[in-house]
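Count residues from 1 along the sequence. The structure presented is a predicted model; accordingly, all values stated were derived computationally and were not measured. One-based numbering, in listed order, for ligands and for the atoms of each.
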Amino acid sequence: MTDLADALAARLDQRQARVVVMGQGHVGLPVAMRSSAVGFAVVGFDTDAERVAALRAGTSYITDVVDDELAGALEQGYWPTNDPADLEAFDVAVITVPTPLREGMPDLSHVEQAAGLVADVLRPGALVVLESTTYPGTTNELVRPVLERTGLLVGRDFFLGYSPERIDPGNPSWGLVNTPKVVSGVDEPSLRCVEVFYGALVDKVVPVGTPAEAELVKLLENTFRHVNIALVNELAMYASELGIDIWSAIDAASTKPFGYLRFTPGPGVGGHCLPIDPSFLSWRVKRSLGRTFRFVELANDVNEHMPDYVVTRIMTMLNGDGLAARNSRILVLGLSYKAGTSDWRESPSLAVVERLIALGANVRAWEPHLPPVGLPQLPVPVVPCTVDEIAAADLVVVLVEHPELPLDDIAEHARLVLDTRGCLRDRAFRGGLL
Ligand SMILES: NC(=O)c1ccc[n+]([C@@H]2O[C@H](COP(=O)([O-])OP(=O)(O)OC[C@H]3O[C@@H](n4cnc5c(N)ncnc54)[C@H](O)[C@@H]3O)[C@@H](O)[C@H]2O)c1
């Protein structure tokens with residue numbers, strides 16, 4: 001086994017390795033781009049033919065991967081594909097496929113399917129790494145048996161590990177390369193191979209003892225954020241009723257140089273991580289220990305309630321102007337789940353829009369980050385955020401603090417504003433903050 005590990009480490013060091021990345025989404029495409037940039041031969045496998053066609057045509061659908069980077073990778077030989085035959089003869093397979101929740105239960109069918117395709121072409125001396133977010137135990141209990149069905153054994157024939165992805169879509173400071181990467185292996189040789197592979201991609205790797213620890217790291221990080229966002233969201237609702245400016249209080253608390261981390265309120269949580277990952281942990285605790293992870297349940301409860309709270313605030317503000325939500329013209333600013341991204345998954349903005357439509361409001365929306373591929377069906381017209389649109393609305397609600405927001409125009413021309421992100425705090429405007 002040491003010989004096989006030495007041989008793989010040498011191929012990785014010399015960039016002689018063939019890397020396949022299963023899933024070319026928000027996580028997989030950046031991994032594929034980076035693997036290509038450092039000199040590996042890269043196959044980007046995805047079951048979605050539309051995505052594969054877009055990539056082959058040089059069109060990226062991921063905010064953090066620009067078309068120039070994709071063009072450079074294609075020139076280096078990066079090969080997007082949905083043909084399993086292209087997976088043959090891989091040295092490293094990285095699995096970055098979705099792990100959704102279905103009725104509160106983790107759905108690992110994509111991971112199982114991707115691991116099955118990898119198993120079909122698994123060779124002695126190869127490395128498989130799972131990056132999808134999942135409950136602790138998945139790498140050993142689910143991926144390993146699928147790979148060992150081939151007759152090859154981990155620890156004897158091939159290497160296996162887990163490394164959580166930490167990307168923060170749209171973050172201009174911290175990306176795949178400069179964010180330390182937690183890595184793990186099911187045994188010592190596996191850990192060594194995982195370290196050498198990611199050592200080629202990122203500035204710093206952080207090894208941990210077991211894949212279960214590495215799986216827990218990701219869930220701990222996201223549960224920490226989920227719980228703290230819920231804390232400020234709940235405080236924001238009470239502070240508003242008490243007539244206290246929560247935003248000023250958060251600013252002041254953030255001056256404490258130790259023991260405090262800044263989180264701000266908003267209309268709820270979205271994306272593929274925060275609304276989902278903590279539930280993996282509570283599911284695992286419930287299934288294995290029979291207990292309830294109360295922090296997660298409470299945070300879910302608070303954060304899931306935020307779109308309702310936003311709509312209640314809108315109705316109250318309209319009422320103050322003698323208007324009902326029904327037939328009021330409402331301009332919604334921002335539909336994606338966070339600033340600067342075209343990722344719409346689980347976006348709380350969509351929940352707010354649905355509730356306003358159900359109340360009979362005339363809703364129009366502005367969103368500067370429309371995804372080029374897979375645009376969701378929208379129940380409202382998407383309009384530019386012009387002075388005319390702003391002035392024609394009975395109420396403007398800021399749901400996402402996109403950098404393109406015309407804040408001066410909103411402050412000057414909107415009849416009434418609900419700012420759920422605190423973007424207008426430095427300006428005089430008619431309306432209120434969350
Ligand atoms: N988006 C994030 O910010 C983020 C951050 C950290 C971790 N993660 C985790 O990474 C994983 C992937 O998330 P994502 O955001 O990249 O998802 P995504 O939906 O953007 O991309 C997943 C891709 O996998 C493809 N796919 C589905 N089944 C497949 C299969 N069997 N074989 C090959 N491809 C398949 C899909 O077509 C899609 O293109 C999830 O577990 C997620 O929780 C996401």
Atoms of ligand 1, numbered as shown, that sit under 4.0 Å from any heavy atom of Val97
11 (C), 12 (C), 29 (C), 30 (C), 32 (N), 33 (C), 34 (N), 35 (C), 40 (C), 41 (O)
Geometry only, no angles: is Asp46 polar-contacting ligand 1 at N/O separations under 3.5 Å?
yes
Closer than 4.0 Å to some heavy atom of Arg51 - which atoms of ligand 1 meet that?
20 (O), 21 (O), 38 (C), 39 (O)
Please list the nearest protein heavy atom to atom 7 (C) of ligand 1 with its residue and the distance rounded to 0.1 Å.
Thr133 OG1, 3.3 Å
of all protein heavy atoms, closest to atom 29 (C) of ligand 1 is Thr47 OG1, 3.4 Å
Enumerate the atoms of ligand 1 whose separation from the nearest heavy atom of Ser132 is less than 4.0 angstrom.
11 (C), 41 (O)
Within 4.0 Å of some non-hydrogen atom of Gln113, the atoms of ligand 1 are 31 (N)
Close aromatic pair by centroid cut-off 6.0 Å: Trp283 and Tyr135
yes
Under 4.0 Å between a Lys/Arg side-chain N and an Asp/Glu carboxylate O for Arg425 and Asp251?
yes
Closest protein heavy atom (residue, atom, distance) for atom 19 (O) of ligand 1
Arg345 NH1, 3.2 Å
Looking only at non-hydrogen atoms, the one of Leu29, Val27, Asp343 nearest atom 44 (C) of ligand 1 is Val27
Return the closest protein heavy atom for atom 33 (C) of ligand 1 as residue, atom name and distance.
Phe45 CD2, 3.5 Å
For atom 5 (C) of ligand 1, what is the nearest protein heavy atom, given as residue, atom name and distance?
Cys273 SG, 3.5 Å
Which atoms from ligand 1 have a heavy atom of Asp48 less than 4.0 Å away?
37 (O)
Do the side-chain N and O atoms of Asp343 and His272 include a donor-acceptor pair separated by under 3.5 angstrom?
no
Should Lys181 and Glu195 count as an ion pair when the cut-off is N to O under 4.0 Å?
no
Any salt bridge between Arg34 and Glu165, counting N to O under 4.0 Å?
no
Are any of the heavy atoms in Gly271 under 4.0 Å away from ligand 1?
no
Phe197 vs Phe40 aromatic rings, parallel, tilted or perpendicular, using cut-offs 30° and 60°?
tilted
If we check side-chain hydrogen bond (donor to acceptor under 3.5 Å, both in side chains) with Asp277, which of these qualifies: Thr134, Thr99, Asn222?
Asn222
Taking only heavy atoms of His110, which atoms of ligand 1 are found under 4.0 Å from at least one of them?
27 (C), 28 (N), 31 (N)
Distance alone, cut at 3.5 Å: any donor-acceptor contact between the side chains of Ser342 and Thr63?
yes
Atom 24 (O) of ligand 1: which of Pro30, Ala115, Ala49, Gly23 has the nearest heavy atom?
Gly23
Can you tell me how far apart CG (Leu12) and CG (Asp91) are? Round to the nearest 0.5 Å.
7.0 Å
Side chain, backbone, both or neither: which part of Arg166 comes within less than 4.0 Å of ligand 1 when only heavy atoms are counted?
neither
Considering only the protein, which heavy-atom contact is closest to atom 42 (C) of ligand 1, and what is its distance?
His272 CD2, 3.1 Å
Looking at Trp79, does the NZ or CZ of Arg56 lie under 6.0 angstrom from its six-membered ring centre and within 45 degrees of the ring axis?
yes
Backbone, side chain, both or neither: what part of Pro164 comes under 4.0 angstrom of ligand 1, heavy atoms only?
neither
For atom 41 (O) of ligand 1, what's the nearest protein heavy-atom neighbour? Residue, atom name and distance, please.
Thr99 OG1, 2.6 Å
To the nearest 0.5 Å, what is the distance between CE (Met33) and CD (Glu69)?
6.5 Å
Do the ring centers of His402 and His369 come within less than 6.0 Å of each other?
yes
Can you report which non-hydrogen protein atom sits closest to atom 20 (O) of ligand 1, along with the distance?
His26 ND1, 2.7 Å
